[in-house]
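This report concerns only the one structure given below.
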Amino acid sequence: MKHTISILVENHAGVLARVAGLFARRGFNIDSLAVGVTEDEKVSRITIIADGTAYTLEQIEKQLNKLIDVIKVRHLPTEELLSRELVLIKVSCLPSQRAELISIAEIAKAKISDISVNTMTLELSDSVSRIKTFEELLRPYGIKETVRTGSIAMQKGGASMK
Amino acid sequence: MASERMTVAKAMVKALTAEGVKTVFGYPGAAICPFYDELINSDIRHILVRHEANGGHAASGYARMTRKPAVAIATSGPGATNIITAIATAYMDSIPMVVITGQVSSEQIGRDVFQEADITGAAEPFVKHSYLVKNPAEVPVIFKNAFYIAGTGRPGPVLIDMPFDVQKAEIDFEYPETVDIRSYKPSVQGNKLQIKRAIAAIRNSKKPLICAGGGIFTAGAEKLLQQFMQLADIPVVNTMMGLSSVPADNPLYYGMIGMHGVKCANYAINHCDLLILLGARVGDRAVTAINRLDGITVIHIDVDPAEIGKNLAATIPVVGDVRYILQQLIEQAENYDHYDWRQELNTVKNQSEPKAAAKDGFVNPKEFIKRLAKKLPSDVIISADVGQNQIWTCNNIELKSGRLITSGGMGTMGYSVPAALGAKAASPMSEVIAICGDGSFQMQFMELATMIQHDIPVKIIVMSNNRLGMVREVQTNAYGNRLTAVFLDGSPDFIKLAESYGIPAKRVTDIKDADGAIDEMLGAKGCYLLEARVAEDEKTIL
Ligand SMILES: Cc1ncc(C[n+]2csc(CCOP(=O)(O)OP(=O)(O)O)c2C)c(N)n1
């Protein structure tokens, strides 16, 4: 089962290592991880998508809370999740294929970020599942390189984590 | 308080003094020299151990007596890596400790310079928290926070790694009076509703049982536990870490649970209808003895929420300071009577054990510990090592008062002697006795010198069987008695060894001589070593 865990931490050196180490030690696999500073520059937010049973999830939340540099841990419920990931995909693209790819990009609401004689690089910010669909659409052209940021997420509606 | 200009090294010493630190255990090296150069100007007693791990274990023994964070010091690189086992041992048993390590100069970190080790990285899995100090100005706050974190909530070791240049930097020193760590606010008071539910469960129970662990000592709740069990008439068993929290002669006490526990304690835990876990995390070796859990109510009281539901599903979790929660329980509990349940347990308890015998030239280890137990003064501190000797000690010492300490969670061989040394340094008026095997003794006997040098008269009992006995027993039981790498041939003559340190020593090879030898040991003013020869095929598991 996939879980989205949002963690507010002190913006200190070494905090990421502590958090990542904890996941590794407790046998919780990280699918994706994204870190960035929050509205308060002394606080960073780590968003982790991880796989595990309810038992491991409970343990991981409790163990994370024990780390002194962890300010808050939230397991974000799937129904209330606003989640985005940014992806850059470089595909092979002959000049004759450009029009086709441009129309795919338009439909997917992706941007054309770069172009060369034989390639085109598309950029999309969307949910993980839509990114997957987008990737499938591009696959027939030949994907040369994909870079993803890892998901960032927040709860929908008026609630905030603070 | 006005701030004062000084080096960080001096500020470190001032911080220790401000924390009330009287004794530290350490081993120097170049990277920690600035600090040592200031330590000598203070009233703090420095005990030079003979190995950094032992410095850590000694601090652990010290902390278990004072119940406040104790301090161990090591230099960078090998000094720091040597102390990791002690940090991990303290972490597993929730012992408050502040470990200070020297580090290479800040600008050299990351270049693999001489004696550089990423100790905060290496020790990360075993610390409650750690600091690699980069900004000299933060030193006062870091020390204040380190002691606070180590000693509060669920205690544990905190590591402060001090680069050489940071120690020599100058700062305006002012020691903070208060602590404010926004992300660390351990909960003390249990949830009122949960306590109500616990009381209701106790009221409805016909066969309640308390399983008390090391958290009782952390909370300083021994008296409260006794008050509560007496009031509510509830039988008590211990985890290994909880041993000596209840006088063994209390009629409500039924011994240690677990893989190496006693029959009636394990019977109790398998036949109760309500299990009250008090400051116990019920590690796997304790749990293996529990066959039946469905249908019973489990009240789990612990200061660390992460322990609740980790090894054992709890019906009624209560997070908070065991001391505080026991007070609440005492206020709300009534005078119950569990006569039938006690009778049931007494029947198991009184089943006669096979007569303790031994081959010629050896003492029966259980009988030996029982004889020792009879003669112990009331303030005794027993420090048990790891292995068969530990199990024999734990199950037969039956302390009516005093304290037993041992490495429960990590099972670290070589803990008993340095921990005893630390305990004795903290409680010089108490009789402190380390009990170990001939294997573990050889992991720690260098500390005999520390005891002599610093006049810390600890008594040592070596239960020698010329084997790594516990491993031998495992090989006998699970590997068709194919014994390998468990023979201790080549060991020194322990009596001569002790004498070479100026420590009187005696060997007992017949139980007839045990009483006399024990009397002589207890009568000795200084250190004393007693070797009890134990047959190589003695068992812990019957
Ligand atoms: C540092 C360390 N290394 C290895 C072990 C594994 N181990 C557990 S008990 C034991 C044997 C201990 O032998 P000894 O000290 O002679 O005590 P005995 O069991 O014979 O009483 C060993 C090797 C351990 N617990 N700790």
Side-chain angles (χ1 to χ4, degrees), chain A residues 1 3 5-30 33 35 37-48 50 52-75 160-162, chain B residues 88 91 94 106 109-110 118-135 138 141-142 145-150 152-161 163 179-187 281 300 302-314 317 319:
Chain A
M1 171 87 184
H3 304 283
I5 301 158
S6 192
I7 310 160
L8 294 180
V9 298
E10 297 287 350
N11 191 0
H12 289 160
V15 178
L16 184 60
R18 289 189 212 265
V19 169
L22 185 65
F23 273 76
R25 280 204 296 286
R26 303 271 170 183
F28 213 55
N29 291 327
I30 296 180
L33 182 151
V35 201
V37 75
T38 63
E39 66 282 0
D40 174 352
E41 66 183 26
K42 290 199 180 116
V43 178
S44 294
R45 184 195 292 265
I46 303 177
T47 308
I48 291 180
T53 61
Y55 169 83
T56 347
L57 176 71
E58 183 188 329
Q59 262 301 303
I60 213 79
E61 281 189 71
K62 286 175 167 176
Q63 296 293 346
L64 280 169
N65 271 314
K66 282 172 70 171
L67 293 180
I68 306 295
D69 286 332
V70 167
I71 302 165
K72 202 167 241 179
V73 183
R74 272 294 299 278
H75 174 221
S160 75
M161 222 176 117
K162 281 200 300 181
Chain B
Y91 182 72
S94 314
S106 309
I109 288 179
D118 171 12
I119 191 61
T120 49
E124 170 57 21
F126 317 115
V127 292
K128 185 168 175 188
H129 195 50
S130 61
Y131 300 91
L132 167 55
V133 183
K134 292 184 173 151
N135 179 357
E138 286 178 0
V141 175
I142 286 176
N145 288 357
F147 275 86
Y148 179 71
I149 291 168
T152 53
R154 177 179 181 175
V158 174
L159 171 67
I160 310 176
D161 197 21
V179 173
D180 182 26
I181 310 168
R182 64 172 148 182
S183 51
Y184 179 70
K185 310 256 189 263
S187 56
R281 65 184 188 94
H300 197 165
D302 203 290
V303 74
D304 180 1
E307 286 306 339
I308 295 178
K310 189 170 92 181
N311 298 332
L312 211 60
V319 178

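Lettering of chains follows the sequences in order, A, B, ..., and the numbering in each one begins at 1. Every value quoted in this text rests on a predicted model; they were computed, and no experiment measured them.
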In short, A:Val73 meets A:Ile7 closest at the heavy-atom pair CG2-CG2, 4.4 Å
Separation between CD1 of A:Ile46 and CG of A:Leu33, rounded to the nearest 0.5 Å: 6.5 Å
Sequence neighbours excluded, which residues qualify as side-chain contact (heavy atoms from CB on, under 4.5 Å) partners of B:Ile109? B:Gln103, B:Val104, B:Glu116, B:Leu132, B:Pro163
On a heavy-atom basis, which atom in A:Phe28 and which in A:Gly52 lie closest, and how many Å separate them? CE1-CA, 3.6 Å
Nearest-0.5 Å distance, CD1 of residue B:Ile149 to CD1 of residue B:Ile181: 4.0 Å
Could you tell me the separation between the CD1 atom of A:Ile48 and the CG atom of A:Leu64, rounded to the nearest 0.5 Å? 7.0 Å
Any donor-acceptor pairs between chain B and chain A, under 3.5 Å? If so, list them.
{"unit_1": "A:Glu10", "atom_1": "OE1", "unit_2": "B:Arg182", "atom_2": "NH2", "d": "3.1"}
{"unit_1": "A:Glu10", "atom_1": "OE2", "unit_2": "B:Arg182", "atom_2": "NE", "d": "2.8"}
{"unit_1": "A:Arg18", "atom_1": "NH1", "unit_2": "B:Glu124", "atom_2": "OE1", "d": "3.0"}
{"unit_1": "A:Arg18", "atom_1": "NH1", "unit_2": "B:Ser130", "atom_2": "OG", "d": "3.0"}
{"unit_1": "A:Arg18", "atom_1": "NH2", "unit_2": "B:Ser130", "atom_2": "O", "d": "2.8"}
{"unit_1": "A:Tyr55", "atom_1": "OH", "unit_2": "B:Lys310", "atom_2": "O", "d": "2.6"}
{"unit_1": "A:Gln59", "atom_1": "NE2", "unit_2": "B:Ala306", "atom_2": "O", "d": "2.9"}
{"unit_1": "A:Lys62", "atom_1": "NZ", "unit_2": "B:Pro305", "atom_2": "O", "d": "3.1"}
{"unit_1": "A:Lys62", "atom_1": "NZ", "unit_2": "B:Ile308", "atom_2": "O", "d": "2.8"}
{"unit_1": "A:Lys66", "atom_1": "NZ", "unit_2": "B:Asp304", "atom_2": "OD2", "d": "2.5"}
{"unit_1": "A:Ile68", "atom_1": "O", "unit_2": "B:Ser183", "atom_2": "OG", "d": "2.4"}

